[in-house]
Amino acid sequence: DIQLTQSPSLLSASVGDRVTITCRASQGIATSLVWYQQKPGKAPKLLLYAASTLQIGVPSRFSGSGSGTQFTLTISSLQPEDFATYYCQHFSGFPLAFGGGTKVEIK
Amino acid sequence: EVQLLESGGGLVQPGGSLRLSCAASGFTFSSSAMSWVRQAPGKGLEWVSTISDSGDDTYYPDSVKGRFTISRDNFKNTLSLQMNSLRAEDTALYYCVKYCRGGSCNGYYFDHWGQGTLVTVSS
């Protein structure tokens with residue numbers, strides 16, 4: 001089974017900061033990786049799929065990169081509405097799995 | 001607009017059973033794979049099950065295999081999750097999720113989520 005490890009688990013940042021979250025897969029998954037954002041009390045929201053394709057309606061300050069086992073989610077300039085928890089998920093066969101999450105909090 | 005409305009959650013004793021339902025609207029349900037994802041209180045996301053658009057193929061992680069059964073009714077646009085032999089560790093908010101894969105999706109991802117239904121397993 002493929003495991004996903006996110007780092008860091010907690011990230012303190014300020015509005016305007018450039019933020020990078022890493023997701024590492026236990027084995028190669030090509031670009032079969034998705035990123036979600038979840039705010040407290042809300043369902044997750046799709047941000048990017050296929051590692052780097054921005055979902056319709058998601059601001060362009062979000063970007064993703066990587067392939068194989070190493071992936072990153074970058075927020076180029078953190079906005080107040082971006083403080084949330086971010087999850088990666090792979091779609092490289094069953095069982096599907098999520099990373100443990102990265103909480104982005106206000107510094 | 002895609003809508004996914006879960007129901008059926010509640011308090012159940014360890015070893016008990018519960019059946020969750022999800023009413024789907026706003027898309028062609030019979031053409032879409034569907035999934036369940038859960039989230040224990042204060043914890044991360046865990047994939048629970050997936051069913052193909054036809055219902056012929058189902059998938060589970062080891063944590064629920066043999067205890068949970070996913071099914072669908074493409075005439076009623078309804079997704080279900082039958083949960084048996086429930087354990088305390090099954091306590092979570094259960095999300096009904098639309099699974100976009102291949103074809104016009106240009107990829108694989110969970111693109112729409114319900115608001116969840118809470119399952120609490122406790123004596």
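Since the structure is predicted, the reported quantities are computational estimates derived from the model, not experimental observations. Below, chains carry the letters A, B, ... as their sequence lines are ordered, and counting in each starts from 1.
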With a 4.5 Å heavy-atom cut-off, do [X] and [Y] have their side chains touching?
| X | Y | result |
| --- | --- | --- |
| A:Pro44 | B:Leu45 | yes |
| B:Asn106 | A:Thr53 | no |
| B:Trp47 | A:Pro95 | yes |
| B:Glu46 | A:Phe98 | no |

According to a hydrophobic-cluster definition based on side-chain heavy atoms being under 4.5 Å apart (Ile, Leu, Val, Met, Phe, Trp, Tyr only), do [X] and [Y] belong together?
| X | Y | result |
| --- | --- | --- |
| B:Tyr108 | B:Ile51 | no |
| A:Leu11 | A:Ile106 | yes |
| A:Ile2 | A:Val34 | no |
| B:Val48 | B:Leu4 | yes |
| B:Leu93 | B:Met34 | no |

Using heavy-atom distances under 4.5 Å, tell me whether [X] contacts chain A through its side chain, its backbone, both, or neither.
| X | result |
| --- | --- |
| B:Cys105 | backbone |
| B:Tyr95 | side chain |
| B:Gln39 | side chain |
| B:Val37 | side chain |

* Asked: Who in residues 65-72 of chain B is close to chain A, using a strict under-4.5 Å heavy-atom cut-off?
  ->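 Residues in range: none.
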* To do: Can you check whether anything in residues 12-31 of chain B gets within less than 4.5 Å of chain A, heavy-atom wise, and list it by number?
  =>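 Answer by number: none.
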* Asked: Out of curiosity, B:Ser35 OG to A:Leu96 CG, how far, rounded to the nearest 0.5 Å?
  ->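 The OG atom of B:Ser35 sits 6.5 Å away from the CG atom of A:Leu96.
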* Return the minimal non-hydrogen interatomic distance between B:Gly114 and A:Ala43, and the atom names on each side. =>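 Looking at all heavy atoms of both residues, the closest pair is O-CB, 3.3 Å.
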Could you tell me how the ring of [X] sits relative to the ring of [Y]: parallel (under 30°), tilted (30 to 60°) or perpendicular (over 60°)?
| X | Y | answer |
| --- | --- | --- |
| A:Tyr49 | B:Tyr109 | tilted |
| B:Trp113 | A:Tyr36 | perpendicular |
| B:Tyr59 | A:Phe94 | parallel |

